[in-house]
K.L.:
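Before I ask anything, let me first share the structure, which is written out below as structure tokens.
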Amino acid sequence: MTEIMANDLERLWQARSRVFLNAGIAAGMILIALFFSSRPNSASPIVYVHSQDGGSFLLADYSVTDAEKAPPVSELVSGRYDAYVAKAVDGRYAIITARNADYERGLRMALEGKAVAANAQASRGRGSTIAGFLLMFIMMQGTITLYLFSDDKELKILPRIASTSIAISRYLTAHGAFAFLAILVPDLCILYAIRFLTGADIGFTFAQYLSLFAVAAILSTTFSPIQSRFRRFFSPWRS
């Protein structure tokens, strides 16, 4: 098995333009994700509903509008306001929002003065942006990396290997393991190299990125032969 993987590595290095192309695209996507996630967010518009004898307040990262009566819910749905806030008799805040639970949780923490939790939420948002940019690219990397297996089929090497003492399951496992590692390891190395060079906060921990990238690499390795079949099927129509 190790001999097959070593042979795949040697063949991949002979087509090193694929390696450099993968690395360049991955680095570019990470830098773009860091750029967009580091841009300051505009203040989120919210409405503070209070009675005539009530008061207003200032809230960091939020644009607060005072009102004696809550605007129609349609303004939440249309996006004019992100949330309506009112203070209950027991001193707790009632929040009505059309956004997700994370937004509501962050707003409640901000109302309670928990700035550290808000910073942690921004960090998770940065990690989500980076992962979102990279996961789709990782899903496509399998078709670039597993071309070695496609070449063996097209060049009729696979039937000759099947006639030898090497088990076909061992051969396929070696190809799959090599493609998995060739996708996972470079992307993680590029991500942490950029973090080391720029000092940027990448949001998630190493274990979290490892889990996300590993799942995407497994799916990419699994579906890349199917994608290759579709490309060959539609190639006569493209020509």
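Just so you know, these numbers come straight off a predicted model, no measurement behind them.
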K.L.:
So if I apply the side-chain contact (heavy atoms from CB on, under 4.5 Å) rule between Val85 and each of Val49, Leu107, Val47, which one comes out positive?
P.N.:
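Considering Val49, Leu107, Val47, a side-chain contact (heavy atoms from CB on, under 4.5 Å) with Val85 is found only for Leu107.
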K.L.:
Using a 6.0 Å cut-off, check whether atom CD1 of Ile194 has over 12 heavy atoms from anything other than its own residue.
P.N.:
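Yes, CD1 of Ile194 has more than 12 neighbouring heavy atoms, counting only those of other groups under 6.0 Å.
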K.L.:
Looking at side-chain heavy atoms only, is the closest gap between Asp187 and Asn22 below 4.5 Å?
P.N.:
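Side chain of Asp187 against side chain of Asn22, heavy atoms only: no contact under 4.5 Å found.
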K.L.:
For Ile183 and Phe213, run side-chain contact (heavy atoms from CB on, under 4.5 Å): C-alpha distance rounded to whole Å, both residues' side-chain angles, the deciding distance at 0.1 Å, then the answer.
P.N.:
CA-CA 9 Å; Ile183 295 170; Phe213 289 4; over 6 Å; no
K.L.:
Locate the shortest heavy-atom distance separating Leu184 from Leu210; write the atom from each residue and the value.
P.N.:
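Closest approach of Leu184 to Leu210: CD2-CD1, 4.0 Å.
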K.L.:
Does Arg108 CZ have over 12 foreign heavy atoms under 6.0 Å away?
P.N.:
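Above 12, so yes.
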K.L.:
Atom CD1 of Ile190 and atom CE of Met29: how far apart are they, to the nearest 0.5 Å?
P.N.:
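Answer for the CD1-CE pair, Ile190 versus Met29, is 12.0 Å.
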K.L.:
What is the distance from atom CG of Asn100 to atom CZ of Arg105, rounded to the nearest 0.5 Å?
P.N.:
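The distance works out to 8.5 Å.
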K.L.:
Can any side-chain N or O of Tyr209 pair as donor or acceptor with the backbone N or O of Ile202 at less than 3.5 Å?
P.N.:
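It does hold such a pair.
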K.L.:
Rounded at 0.5 Å granularity, tell me how far CG in Leu31 sits from OG1 in Thr198.
P.N.:
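Those atoms lie 7.5 Å apart.
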K.L.:
Write down the atom of Thr221, the atom of Gly176, and the distance for their closest heavy-atom approach.
P.N.:
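Residues Thr221 and Gly176, closest heavy atoms: CG2-O, 3.7 Å.
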K.L.:
Work out which heavy atom in Val64 is nearest to a heavy atom in Tyr48; give both atom names and the distance.
P.N.:
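Scanning both residues completely, I find the closest heavy atoms to be CG1-CB, 3.8 Å.
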K.L.:
Evaluate side-chain contact (heavy atoms from CB on, under 4.5 Å) for Phe204 paired with Ser128, printing each intermediate quantity in order.
P.N.:
CA-CA 8 Å; Phe204 294 151; Ser128 299; 3.7 Å; yes
K.L.:
Where do Phe133 and Ile30 land on the side-chain contact (heavy atoms from CB on, under 4.5 Å) test, with the steps shown first?
P.N.:
CA-CA 7 Å; Phe133 269 81; Ile30 293 171; over 6 Å; no
K.L.:
Looking at Thr129 and Ala33, would you say the former's side chain and the latter's main chain have a donor-acceptor pair under 3.5 Å?
P.N.:
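Such a contact is absent between Thr129 side chain and Ala33 backbone.
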K.L.:
Write down the atom of Ser220, the atom of Ile138, and the distance for their closest heavy-atom approach.
P.N.:
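In this case the closest contact between Ser220 and Ile138 is OG-O, 3.0 Å.
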K.L.:
Identify the heavy atoms of Arg80 and Pro45 that sit nearest to each other, and give their distance.
P.N.:
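The pair with the smallest heavy-atom distance is O-CG, 3.5 Å.
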K.L.:
Give the ring-plane orientation class for Trp13 versus Phe20, where under 30° counts as parallel, over 60° as perpendicular and anything between as tilted.
P.N.:
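Correct class here is perpendicular.
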K.L.:
Find the distance between CE (Met139) and CG (Leu134) and round it off to the nearest 0.5 Å.
P.N.:
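Met139 CE to Leu134 CG: 13.5 Å, rounded to 0.5 Å.
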K.L.:
List the atom of Leu135, the atom of Leu212, and the distance in Å for their closest heavy-atom pair.
P.N.:
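Here Leu135 and Leu212 meet closest at CD2-O, 3.9 Å.
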K.L.:
Hey, is the main chain of Ala94 close enough, under 3.5 Å, to the side chain of Tyr84 for a donor-acceptor pair?
P.N.:
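Answer holds: no.
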K.L.:
Return the CD1 to CG distance between Ile96 and Asp82, rounded to the nearest 0.5 Å.
P.N.:
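Going from the CD1 atom of Ile96 to the CG atom of Asp82 covers 14.0 Å.
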